[in-house]
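Predicted, not measured: the structure shown is a model, and the values here were computed from it. Throughout, protein chains are lettered first and strands after them, A, B, ... in sequence-line order, and every chain is numbered starting at 1.
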Amino acid sequence: MNSIVTVLFFASIREAIGHDRELISSEGLHTLEDLRRHLCAKNIKYAEALETNKRWRVALNQEVADLASVLSAGDEVAFFPPVTGG
Amino acid sequence: MFTIRIQTQDFDLSQECATMRTRHRNIGAIASFVGIVRDHHAGDALSSMTLEHYPGMTEKSLGNIIKKAIALWPIIDATVIHRIGQLQPTAQIVLVAVAAPHRGEAFQACEYIMDYLKTDAPFWKKETTMGGSRWVDARSSDNLAKQRWTTPPAPLT
C-alpha cells in the first residue's frame, strides 16, 4: 500500500523552494525530522530553506508540531516562517 | 458563540457590532481592534502589502484562540475578520470585536485574542516598496505581548 504525505510550503519558504505543495512517499520516514532530512537531500533549494539553524516552523495536520512528531500515511505537513499577521 | 472570516474584501465595524447586538440582548460592552496598513515601514514608503495564509489551519488556530478566551472571560460573542491578498496603505487588515456583559472583560479578551493572533495564526505579510518586495520579519515584542497572559488575568470587580 502506498503511504503518501502531503507537504505544504508557505511564504518565504514557498518562494525559496519554488512550489507550494508536493506529495512524498513516507516509506522509511518515521518522524518530521526524517521528512525534513529527506527533503533537504533533494537539492540545495530545500537544504537552504529547511536547514536547522533557520527560523521556520512546522505543522502536522494543521497544528504546530515539533520535529520529533511521528509521521503517518495521509498526514499533512507544512513548513513556514514565523507568522506575521494582524 | 463566535464568527471567523478570512476574506479579500473590506469589512465594516459598525455592521459587525450591529449584528452582535441583534443576536443578543444581554451585551453591555463591545471592545474592538482594527489593524490598518501603514504607509511606511522601517523608513521606507510602502506601496502595498500582500497577505498570505494557510487555509484550514488559520480558521482552526483562530477558533482555538477564541475558545481559550471564552474559557477565561464571560464572552457573549466574538468576531474575527482577517483580510488576505493585496492591500494598500490606509486599508483595514484585521478586526477583532468582543461582546461581553461589561467593559473590563471585553477589553481584556479583545487584547488577548489579538496578542495570540499575532504569534499563532498562520498569516504572512509581504511588503512592496520602491526598492522591491520583502517578507516582514516576526517581531520578538509580539511574543512578549502574548507572554503577559500566561499568568491568570486579574479578577474583574
Side-chain angles (χ1 to χ4, degrees), chain A residues 4-24 26 31-32 35-36 39 44-86, chain B residues 4 6 33-38 41 49-65 80-85 87 92-96 110-127 132-143 145-146:
Chain A
I4 300 292
V5 294
T6 304
V7 186
L8 307 176
F9 307 109
F10 290 96
S12 52
I13 295 191
R14 169 178 55 75
E15 283 185 353
I17 286 171
H19 53 264
D20 62 1
R21 68 173 55 221
E22 60 189 273
L23 300 177
I24 301 268
S26 63
T31 64
L32 295 188
L35 172 67
R36 187 193 68 84
L39 290 169
I44 188 77
K45 286 190 288 182
Y46 291 89
E48 280 181 2
L50 301 176
E51 63 187 354
T52 46
N53 62 353
K54 274 263 179 70
R55 289 179 72 217
W56 43 261
R57 304 278 182 269
V58 62
L60 178 61
N61 298 321
Q62 306 186 349
E63 304 270 0
V64 171
D66 58 57
L67 289 173
S69 304
V70 173
L71 194 62
S72 310
D75 278 348
E76 178 177 296
V77 179
F79 292 94
F80 47 79
V83 302
T84 55
Chain B
I4 294 166
I6 312 300
F33 171 86
V34 176
I36 318 273
V37 182
R38 282 176 298 170
H41 184 249
M49 171 93 85
T50 306
L51 278 132
E52 173 175 335
H53 79 124
Y54 180 173
M57 182 171 172
T58 310
E59 292 81 354
K60 217 184 219 184
S61 154
L62 292 173
N64 287 338
I65 294 167
V80 174
I81 302 174
H82 205 300
R83 295 179 70 190
I84 50 166
L87 298 172
Q92 305 190 107
I93 308 174
V94 60
L95 166 75
V96 176
C110 183
E111 271 202 277
Y112 176 97
I113 292 170
M114 196 56 217
D115 284 351
Y116 275 83
L117 182 155
K118 277 276 187 189
T119 56
D120 292 12
F123 291 98
W124 300 276
K125 286 192 186 112
K126 191 178 200 182
E127 298 172 336
S133 292
R134 67 182 173 209
W135 291 98
V136 173
D137 281 330
R139 301 189 320 167
S140 53
S141 59
D142 287 335
N143 274 314
K146 181 175 84 169

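In this structure, CD on B:Glu127 lies 9.0 Å from OG1 on A:Thr84, to the nearest 0.5 angstrom. One distance of note links CD of A:Glu15 with NZ of B:Lys126; it measures 3.5 Å at 0.5 Å rounding.
For B:Lys60, the part lying under 4.5 angstrom from a heavy atom of chain A is the side chain only. Contact of A:Arg57 with chain B is not made at all, since no heavy-atom distance falls under 4.5 Å. Residue B:Asp142: no heavy atom, backbone or side chain, is found under 4.5 Å from chain A.
Nearest heavy atom pair, residue B:Asp120 against residue A:Val83, reads N-CG2, 4.0 Å. In this structure, B:Ala138 and A:Arg55 approach most closely via the heavy-atom pair CB-NH2, 4.2 Å. Across every non-hydrogen atom of A:Gln62 and B:Met57, the tightest pair is O-CG, 3.2 Å.
The most heavy-atom pairs under 4.5 Å with chain B, out of A:Pro81, A:Ala78, A:Ala59, come from A:Pro81.
In this structure, B:Trp124 and A:Phe10 have parallel ring planes: the angle between them is below the 30° cut-off, well short of the 60° mark.
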